[in-house]
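My questions all concern the structure below.
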Amino acid sequence: TKFDPTCTLEIDAPDTPQMREYANRLWTNLEQADIPFTMHWGKFNWFLTPERVRSMYGQQNVEKWIASRKALLSPEVRSVFTNDFMTSVGLAT
């Protein structure tokens, strides 16, 4: 857990326009209320941008994650484990 106190919202649902509207409203309300939160990268992640990733996790932590990925994975393996989401938020370097 990252925050004290911590609350986890587990939201699993089909990827429908109604679900996207609900999730976008939820995340936007959290941002507007200045309530810090992070998101599971493998779930509904269309809300994330490079700026939000760095804001949520901290620039230093993002750079550490990228450096660890580079240290652990060869360029060939990194290319296999790269997707559009990672590229869109600046994690696929």
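Keep in mind that the numbers below use all heavy atoms, side chains included, and drop hydrogens, waters and symmetry copies. Computed from a predicted structure; not experimentally measured.
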Residues which pass salt bridge (Lys or Arg N to Asp or Glu O under 4.0 Å) with D4, listed by chain and number, not counting sequence neighbours: none
Please report the shortest heavy-atom distance between G90 and I66, naming the atom on each side.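 Taking G90 first and I66 second, the nearest heavy atoms are O-CD1, 3.6 Å.
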Is it the case that more than 12 heavy atoms not belonging to Q60 sit under 6.0 Å from its CD atom? no
Are more than 12 heavy atoms from other residues, nucleotides or ligands located less than 6.0 Å from atom NZ of K64? no
Would you give the length of the straight line joining atom OG1 of T16 to atom CD of E21, rounded to the nearest 0.5 angstrom?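 Answer rounded to 0.5 Å: 9.5 Å.
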Should F81 and M86 be regarded as members of a common hydrophobic cluster, given that ILVMFWY residues are connected when their side-chain heavy atoms come within less than 4.5 Å of each other, either directly or indirectly?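 The answer is no; the residues belong to distinct hydrophobic clusters.
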What pairs meet the ring pair (Phe, Tyr, Trp, His ring centres under 6.0 Å) rule with one or both residues in residues 52-79, with sequence neighbours excluded?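 Of all non-adjacent pairs touching residues 52-79, those that pass ring pair (Phe, Tyr, Trp, His ring centres under 6.0 Å) are W41-Y57, W41-W65.
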With rounding to the nearest 0.5 angstrom, report the OG to CG distance, S88 to N45. 7.5 Å
Could you tell me whether the side chain of N61 reaches within less than 4.5 Å of the side chain of R54, counting heavy atoms only?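 The answer is no, as the side chains (C-beta and beyond) never meet within the 4.5 Å cut-off.
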Give the C-alpha distance, both sets of side-chain angles, the deciding distance and a yes or no for side-chain contact (heavy atoms from CB on, under 4.5 Å) between L9 and F37. CA-CA 10 Å; L9 299 176; F37 67 100; over 6 Å; no
Specify the closest pair of heavy atoms between F3 and P36, including all atoms of both residues, with the distance to one decimal. CE2-CB, 3.5 Å
Show the numbers, then the answer: is there a side-chain contact (heavy atoms from CB on, under 4.5 Å) between E10 and K43? CA-CA 10 Å; E10 191 72 33; K43 292 198 176 199; 2.2 Å; yes
Close side-chain approach of T49 to V89, heavy-atom, < 4.5 Å: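 No, side chains not in contact.
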Quick one: do T87 and D84 satisfy side-chain contact (heavy atoms from CB on, under 4.5 Å)? Show the steps, please. CA-CA 5 Å; T87 302; D84 291 341; 5.5 Å; no
Non-hydrogen side-chain atoms of I11 and M19 separated by less than 4.5 Å: yes
Shortest non-hydrogen contact between F44 and P14, atoms and distance: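 Shortest heavy-atom separation between F44 and P14 comes out as CZ-O, 4.2 Å.
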Minimum heavy-atom separation for K2 to T6, with atom names?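 K2 and T6 have their closest heavy atoms at N-OG1, 4.4 Å.
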Distance (rounded to the nearest 0.5 Å) between R69 CZ and L91 CG: 8.0 Å
Run R20 and D15 through side-chain contact (heavy atoms from CB on, under 4.5 Å) and show every step you take. CA-CA 7 Å; R20 284 183 179 242; D15 187 6; 2.8 Å; yes
Got V53 and M39 here, is their nearest side-chain heavy-atom distance under 4.5 Å? no
Pairs involving residues 26-38, ordered by first then second residue, that meet side chain to side chain donor-acceptor pair (under 3.5 Å) (sequence neighbours left out):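 Of all non-adjacent pairs touching residues 26-38, those that pass side chain to side chain donor-acceptor pair (under 3.5 Å) are E31-R52.
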Any heavy-atom pair between the side chains of L72 and V77 that's under 4.5 Å?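 Not in contact.
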